[in-house]
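By convention in this document, chain letters (A, B, ...) are assigned in the order of the sequence lines, proteins followed by strands, and residues within each chain are numbered from 1. FYI, side chains are in, hydrogens and waters are out, and symmetry mates aren't considered; it's all heavy atoms of this structure.
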Amino acid sequence: MLDLQLLRQDLDAVVRGLGNRGLSFDRDTFERLEQSRKRVIQEAETLKAERNKVSEEVGRLKREKQDAEHLILQQREVGEKLKALEHAEKEAETAFRDFLALVPNLPHESVPVGKDEHANTEIKRWGTLPTLDKPLDHTELGTRLGILDFDRAAKLSGARFSVLKGLGAKLERSLATFMLDRQIAAGYTEVIPPYLVNAESLYGTGQLPKFEQDLFKMPHGESSLYLIPTAEVPVTNLYRDEVLSADQLPLRHCALTPCFRSEAGSYGKDTKGLVRQHQFHKVELVSFCAPEEAEAELERLTGHAEAILEALELPYRKVLLCTGDMGFSSQKTYDLEVWLPSQNTYREISSCSWFGDFQARRANLKYKPADPKAKAAFLHTLNGSGLAVGRTWLAVLENYQQPDGSVRIPAALQPYMGCAEIR
RNA sequence: GGUGGGAUGGCCGAGCGGUUUAAGGCACCGGUCUUGAAAACCGACGACGGGAAACCGUCCGCGAGUUCGAAUCUCGCUCCCACCGCCA
């Protein structure tokens, strides 16, 4: 949610910022909704103030054993009018909120303006690309090694699911544990959150109301629960409707969870292999901090994701997303892209974002600044993958493949795997 | 699934139809006193919305209802606690 004050005071800046995302902000609708909301609020409040006064008068008369019948009759009419007005007030309030709920965050000033991923800025490249004559893709490598099975997964669930077996399963588990251990050592407190969340949680981080079609929704009693698309949702919402004290900040959490995405609208994209699945594991980093620390925190958090790739000696590049390529809630995002020999290109393996107070407004996440005279204020939220486990799995297979079809295990991972290769 | 108890400001806790503009306490803040601090005393002290301001409105878990008037009465729901049943 954008700051209402900003919308009122500098609508031009909002229109400009959203324009940089390639969106046109409907100024007329906003102004119409804002004004009708204000009008009906003022009307209702005037009437309520009047009602309260007369009711007080009735109370006084009754106490003094005087007749108040004429006032009570008069009040009945006011009550009727008020009921209608309160209804209109609620409607206007809802229309206004619904409109704002669909408006994405404004890009930070340091974000390059552009329409799609071609305008992203490469920040750095790390690592040496493997020299392979004829690199196989991970699907072929994994299937040949007997550690990856898409056919049987299709039998169980359909397309975009996978079965990992033997050392393939162990590799997934080793990677996840390795990442968690590293991030815990870097200062993140591990949490294991629910994998099913309510609609309020998804609203808080910005997946709802706009992106319901991307989620798996489960009927539950009268309402529904959703499978989490990322641990960002439950972990960011941990402190929803709370006021944290300044000395708790920055508050850093990591979580290993499965992630579920319906991938609606991505038909034909990455249909083969593990790149785009309905279910995958991810270690997520989430940080809550004071606004003045947030920009540096994004660099720090991204660094913690990079450290995993470097520890695993996987070549990657770091990209600053342009305005047109950023997610709904983000104001600045770095993507980390790992080298995939079979595709002869870099593919996203982590996305690290700074949301400003956008999610904090939606989730009512506040902190009490150190200055005892200061009022509670919205804090800043950040998160990033550290890393997507499934994509790391396939990156290891492809980058560490040997001419004979076996796969070496990165040195840092060998203690977890208990072996040096898969063959 | 069943029965009973509960949900009030940052925290504890009173209130059970109209002086509640939510008592009282704790914490925090300002002041007096003090070399400084503590103690004591005095004062201030919630969130959200409307308004240039004065001020007004809303908020006692959530939603409906009764009433001139609801923290207080009625109904529905959610969550927490205890016990029973079932269960990994």
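- Across the protein-nucleic acid pair, A/E57 atom CD and B/U67 atom P stand 22 Å apart, rounded to whole Å.
- The backbone N or O of A/C254 lies less than 3.5 Å from no partner atom in the side chain of A/E284, so there is not a single donor-acceptor pair.
- Here, B/C62 and B/A70 have their P atoms 16 Å apart, quoted to the whole Å.
- At a threshold of 4.0 angstrom between heavy atoms, the contacts of A/K53 with the nucleic acid are absent.
- Here B/G10 presents its C1' atom at 15 Å from CG of A/D241, a figure rounded to the nearest Å.
- When each of A/L73 and A/E86 is assigned the nucleotide of RNA chain B bearing its nearest heavy atom, the one mapping closer to the 5' terminus is A/E86.
- Nucleotides B/A71 and B/A64, compared at atom P, are 15 Å apart to the nearest Å.
- Taking the six-membered ring where the residue is Trp, the centroids of A/F25 and A/F30 are separated by under 6.0 Å.
- Look at the P atom in both B/U3 and B/G85: the space between them is 15 Å, to the nearest Å.
- Taking atom C1' in both B/G6 and B/G43, one finds a spacing of 37 Å when rounded to whole Å.
- The residue among A/K366 and A/R51 whose nearest nucleotide of RNA chain B lies closer to the 5′ end is A/K366.
- Contact annotation for A/R39: no contact, since no heavy-atom pair falls under 4.0 Å across all strands.
- Comparing B/C68 with B/C79, their C1' atoms sit 35 Å apart, to the nearest whole Å.
- In this structure, CD1 of A/I41 is placed 18 Å from P of B/C56, rounded to the nearest angstrom.
- Between the CG atom of A/N52 and the P atom of B/G18 there is a distance of 15 Å, rounded to whole Å.
- Rounded to whole angstrom, the span from the CG atom of A/L244 across to the P atom of B/G10 amounts to 13 Å.
- Residue contacts for A/R60: at a heavy-atom cut-off of 4.0 Å it reaches no nucleic acid atom on any strand shown.
- Put simply, the side chain of A/Q331 never gets that close to the backbone of A/P107: no donor and acceptor are under 3.5 Å apart.
- Note on A/V54: nothing from the nucleic acid sits closer than 4.0 angstrom, heavy atoms only.
- Nucleic acid contact for A/E45: base, since at least one base atom lies under 4.0 Å from a heavy atom of the residue.
- Residue A/K38 is classed as a sugar-phosphate contact, given heavy-atom separations below 4.0 Å to backbone atoms only.
- Taking the C1' atom of each, B/U20 and B/G46 are spaced 16 Å apart, rounded to whole Å.
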Report summary line: Parsed dot-bracket for RNA chain B after applying the Watson-Crick and G-U rules with both distances under 3.5 Å and | for other-strand partners is ((((((((.[[[..)..(.....]]]..((((.......))))..(((((....))))).[[[[[..)....]]]]])))))))....
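- Of the candidates B/C56, B/C68, B/A64, B/C68 carries the atom nearest the A/V58 side chain, counting heavy atoms from C-beta on.
- Between A/R76 and B/U67 there is no side-chain polar atom (N or O) within less than 4.0 angstrom of OP1 or OP2.
- Taking 4.0 Å as the cut-off between side-chain N and carboxylate O, A/D270 and A/R347 count as a salt-bridged pair.
- Checked against the 6.0 Å centroid threshold, A/F260 and A/F280 do not count as a close aromatic pair.
- Note on A/R361: nothing from the nucleic acid sits closer than 4.0 angstrom, heavy atoms only.
- Among B/U66, B/G69, B/U58, the nucleotide with an atom closest to any side-chain atom of A/K83 is B/U66.
- Taking the ring centre of A/Y203 as origin, the terminal cationic atom of A/R362 falls inside the region bounded by 6.0 Å and 45° from the ring axis.
- On a pure distance criterion of 3.5 Å, no polar donor-acceptor pair joins the side chain of A/Q42 and the base of B/G51.
- The shortest distance between the side-chain N/O atoms of A/R8 and the OP1/OP2 oxygens of B/G50 is below 4.0 Å.
- Of the C1' atoms belonging to B/U67 and B/G2, the separation is 36 Å, rounded to the nearest Å.
- Rounded to whole Å, the separation between the P atoms of B/G10 and B/C45 comes to 15 Å.
- Using a cut-off of 4.0 Å between Lys/Arg side-chain N and Asp/Glu carboxylate O, A/K318 and A/E306 are scored as salt-bridged.
- When the P atom of B/C48 is taken as reference, atom CD of A/E89 falls 18 Å away, rounded to whole Å.
- In this entry the distance linking CZ of A/R37 with C1' of B/G49 reads 7 Å, nearest Å.
- Between A/E57 and A/K53 no salt bridge is recorded (no basic side-chain N to carboxylate O distance below 4.0 Å).
- For A/E200 and B/G63, the CD to P distance is 12 Å, given to the nearest whole Å.
- Salt-bridge check for A/E89 with A/R37: failed, with every basic side-chain N at 4.0 Å or more from each acidic carboxylate O.
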